[in-house]
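The structure displayed is predicted, hence computed values, not measured ones. Numbered from 1 within each chain, the chains take letters A, B, ... in sequence-line order. All values below were derived from every heavy atom in this structure, side-chain atoms included, with hydrogens, water molecules and symmetry-related copies excluded.
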Amino acid sequence: MANNLVIVESPAKAKTIEKFLGADYKVTSSYGHIRDLKKHDFSIDIENKFQPIYEIPSDKQQLVSELKKAAKKAEMVWLASDEDREGEAISWHLSEVLELKPEKTRRIVFHEITKNAILNAIKTPREIDQNLVNAQTARRVLDRIVGFELSPVLWRKVKPQLSAGRVQSVAVRLIVEREREIQNFKSEESYRVTGTFAAKDANGQDILFNTELNQRFKTKAEAEEFLNQIRNATFEVKEISQKPLLRQPAAPFTTSTLQQEASRKLRFSVSQTMSIAQRLYEAGKITYMRTDSVNLSTLCLGASKEQILATMGEKYLKTRNYITHSKGAQEAHEAIRPTYMNQTSIEGTPVERRLYELIWKRTIASQMSDAQIEKTTMEIAINGVKLAKEDLHFVATGEVIKFDGFLKVYMESNDDETLEADRTDFGGTRLPNVQIGTAVKLDAAEAIQRFSQHPPRYTEASLVKKMEELGIGRPSTYAPTISTIQQREYVEKYDRPAEKCKITRIHLGNDGKIKSNEVEETVNNDRGKLVPTDIGLVVNDYLSEHFPQIMSYDFTATVEGDFDKIADGKMDWTTCLGEFYEMFHPLVVESIAERMDHKAGERVLGTDPKTGYTISVKISRFGPVVQIGAQSETDHPQFASLQKGQSINTITLDEALKLFQLPKTLGEFEGFPVVVGVGRYGPYVQTQGKYVSIPKGTNPLDMELADAVKLIESKRAEDSKKLIKTFDEEPELQMLNGRFGPYLARNGKNYRLPRNRDLESLTYADCIAIIEASEKAAEKKKK
DNA sequence: CAGTGAGCGAGCTTCCGCTTGACTT
């Protein structure tokens, strides 16, 4: 029987630690927090110094009673939750809830899961740090106050079921402001000139190399004039400079950087990355995946060194210690890294293997030498002609990797969205080996029209990056926050289809002829970018106007400063909250009391030609709508929801009026009317009681009878494939193909069928047996 | 790879951070 009970936060961690500690220690886990403020209740006694009212959530009650039992039996309980604010609170809640006696309770912490670290921790226990616990209480209570006082304001002033919070509202603000920047962006035209030159190398052979003119032209006329003038020019190498460059590897992965790289390199969503990483962690392949630390254990440093020496040699080795700089970092864990550095790849699903390899490469690269690069810049002077502009010359740059170092295994991607063609360097081009003063020959030159690009919209991952920079949110909340703001319909993912755009190109060939033509170019398609919805815009503007303090980008940083003071024992947590509440609560009261003669976001479009009533748009309790007739004009205003892609900010009177045409009858098919409309689940076509969804991208208003009939017929064809078979014994019972594979449908209930089985051979009796077995299993579960 | 297909009302909704499990028919 074990005399010692060790409690950590994660079961996977418990399993690992148990192996280090021998039979006298039982290691178990709390699965995170075991107690919290009541779920559906404010649960803070404001009058009584912000006393929090805690409860053990129902899904934790069994766990808690098991922990209690185990704690009673043990001679010593070791609270080994993380060393940060939340971890300290977990230990404190455990000691309270499990009623642990001080003489048989110890608090221990470790930063890496190694035998040494844990044995050391056991040798140096401490008390629970009440100041740190208080800091957590302050954090928890403040977030509850903000969330539970602000959200109801939105229910009244904008739309029910909305939410606001210290983190999510600021995340939405980032997206809203970026979108407005993009709207106000004025694209500027310019002409970028490139030139291809020929120079003789040592063997007397012509080598072609690319250059770019050091300035761009504003107009086509200027560009054309320039190309015209240089037809008679001579060119010579005026300057050559060589600069050695050192490039360093990126730091090991944190949650945020892993999400970013997996998004860029593997195209994973933030939540996808986290769930794959979770599986790798549970399988013991990688260290913990929710971390803000870039630190690697000495164990990992040693193993990486061995790996590099064994496979690449000493000149590739450079042991590095990384220091975490990010705002609000709490350093409870290591960076995300492979558990065993000599395991270059793993067994598993393709996505697991790819994510693992990404982590392995990033980690090993972080322990490798700098890459040595020689960057050569060559200036080509334009001689013999008088140019309209001064200081014009061509520039060629070449990069030669002298020593690859860490680049041998890993190269970090970046968010730079600039088109390849728009880059101003020619990195990697081989430049001819020539002296200053060498004459070179122009082979061809080209001026291409370019448009300056607006700042990029956020992706999930680049939003996480920005949030981390601002210190908003934690590794464990990045993914949930991003799904919350999408669930609330504040923002949505947006895919802009690739667009063709016409670009002017002026070409000067080596025959001296200038040709101008238009070429088609595909504009970089914007995939998976976050854009604000109407609701997001209205909520953001309302909150920014009434609660600028909460919406400020450094609100979190400011309160974090206070929490740090509380943790250091330099500030009382109730005083801190008192000050905050004094500022915040009156704003809430004031906002609720404020009379608004119009709804937030409301905009008048004009008057209805038929009735003369006012036509306006606003956010109703069911989302964005057009309304005909104001309260003062009629008791029965008419409403119509906006279509996907329409916005209350941009919709015109004509477009708004059109929405009232639905539902409309297009004509007859097989003697029955065909109706097009918009329902709860989007636009549809309906005939004879059967509904068919109208595919994305097609406007229901543009539908004609022929289109509708086509849809109905293809739907019928699809449905016929759905039915696998029926039984004479019971015609009501159908065997169908569904989204999750084959299933049986009877009396409105569905039963799953085994995949990979010859369904045709299943008899009626087999099916009934399957149904009965499944009913029984469901019964059992209820109990 | 399905199925669903209003109407502008009453009552409910909501936060952030720590963790994993559910199993869709």
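- Put simply, CD on E88(A) is 18 Å from P on dG17(B), counting in whole angstrom units.
- Within 4.0 Å (heavy atoms only), A164(A) reaches sugar-phosphate atoms of the nucleic acid but no base atom.
- In this structure, I628(A) CD1 and E633(A) CD are separated by 11.0 Å, a value rounded to the nearest 0.5 Å.
- To the nearest angstrom, C1' of dC15(B) lies 14 Å from OH of Y581(A).
- Between Y684(A) and Y691(A), the two ring planes are perpendicular [angle over 60°; tilted spans 30° to 60°].
- Distance CD1 (I628(A)) to P (dG7(B)): 17 Å, rounded to an integer number of Å.
- Counting only distance, with no hydrogens or angles, the side chain of T254(A) and the backbone of T291(A) share no donor-acceptor pair below 3.5 Å.
- As rounded to whole Å, 9 Å separates atom C1' of dT14(B) from atom CG of L154(A).
- Phosphate contact (OP1/OP2 of dT20(B), side-chain N/O of Q278(A), threshold under 4.0 Å): present.
- Note on Q168(A): only backbone sugar-phosphate atoms sit closer than 4.0 angstrom, heavy atoms only; bases stay farther off.
- Using modelled atom types and a 3.5 Å distance limit, the side chains of E88(A) and Q136(A) yield no donor-acceptor pair.
- Side chain of Y691(A), nearest nucleotide from dC15(B), dT20(B), dG5(B): dG5(B).
- Relative to the side chain of V625(A), the nucleotides dC8(B), dT13(B), dG21(B) differ in distance, and dC8(B) lies closest.
- Between the side chain of R290(A) and the base of dC18(B) there is no donor-acceptor pair of N/O atoms closer than 3.5 Å.
- Among the atoms of the strands shown, only primed sugar atoms or phosphate atoms (P, OP1, OP2) are found under 4.0 Å from some heavy atom of G473(A).
- Among the atoms of the strands shown, only primed sugar atoms or phosphate atoms (P, OP1, OP2) are found under 4.0 Å from some heavy atom of P11(A).
- Residue contacts shown for S10(A) are limited to sugar-phosphate atoms, with no base heavy atom under 4.0 Å away.
- To the nearest 0.5 Å, atoms CE (M274(A)) and CZ (R279(A)) are separated by 13.0 Å.
- Backbone-only engagement by S163(A) is indicated by non-hydrogen atom pairs under 4.0 Å involving sugar-phosphate atoms exclusively.
- Taken residue by residue, residues 480-490 of chain A places heavy atoms nearer than 4.0 Å to DNA chain B at T484(A), R488(A).
- As rounded to whole Å, 16 Å separates atom P of dT20(B) from atom CD1 of I34(A).
- The side chain to side chain contact (heavy atoms under 4.5 Å, CB included) check on A708(A) picks up L666(A), V674(A), V685(A), M703(A), with sequence neighbours excluded.
- Nearest to the side chain of E282(A), among dC18(B), dG21(B), dC8(B), sits dG21(B).
- Rounded to whole Å, the distance from CD1 on I7(A) to P on dT19(B) is 16 Å.
- For the side chain to side chain donor-acceptor pair (under 3.5 Å) test, no residue two or more places apart in sequence or in another chain qualifies with E96(A).
- Of the two residues contacting DNA chain B, namely F639(A) and D36(A), the nearest-nucleotide position lying further toward the 5' end is that of F639(A).
- Residue contacts for Y288(A): at a heavy-atom cut-off of 4.0 Å it reaches the sugar-phosphate backbone alone, with no base atom in range.
- Nearest nucleotide to the side chain of R621(A), out of dC15(B), dA10(B), dT14(B): dA10(B).
- A search for side chain to side chain contact (heavy atoms under 4.5 Å, CB included) contacts involving Q272(A) returns F268(A), S269(A), I276(A), not counting sequence neighbours.
- The nearest whole Å value for the distance from the CG atom in L162(A) to the P atom in dT14(B) is 10 Å.
- Taking a pair as Watson-Crick or G-U wobble with both distances under 3.5 Å, DNA chain B contains no run of three or more consecutive pairs.
- When heavy atoms are screened at a 4.0 angstrom cut-off, S641(A) is found touching base atoms of the nucleic acid.
- With hydrogens and angles ignored, no donor-acceptor pair closer than 3.5 Å exists between the side chain of R474(A) and the base of dC18(B).
- Stacking is found between W155(A) and the pyrimidine-like six-membered ring of the dT13(B) base under the 5.5 Å centre-distance and 30° plane-angle cut-offs.
- The aromatic ring of F148(A) stacks onto the base of dT14(B), its centre lying under 5.5 Å from the centre of the six-membered base ring with the two planes under 30° apart.
- No contact: K599(A) has no heavy atom under 4.0 Å from any strand.
- Contacts of Y54(A) classified as ring-ring contact (aromatic ring centres under 6.0 Å, His included), with partners at least two apart in sequence or in another chain: H93(A).
- Nearest-nucleotide assignment on DNA chain B puts the 5′-proximal partner with D41(A), out of D41(A) and R166(A).
- G32(A) comes within 4.0 angstrom of a nucleotide base, judged by non-hydrogen atoms across all strands.
- Qualifying side chain to side chain contact (heavy atoms under 4.5 Å, CB included) partners for Y31(A), counting only residues two or more places apart in sequence or in other chains: P11(A), S29(A), K60(A), L63(A).
- Between the NE2 atom of H40(A) and the C1' atom of dC12(B) there is a distance of 11 Å, rounded to whole Å.
- Here E713(A) pairs with nothing under the side chain to side chain donor-acceptor pair (under 3.5 Å) rule; sequence neighbours left out.
- Using a 4.0 Å heavy-atom cutoff across all strands shown, V146(A) reaches no nucleic acid atom at all.
- In this view, Y581(A) and F50(A), H585(A) satisfy the ring-ring contact (aromatic ring centres under 6.0 Å, His included) rule, not counting sequence neighbours.
- Put simply, S476(A) has no side-chain N or O that comes within less than 4.0 Å of OP1 or OP2 on dG17(B).
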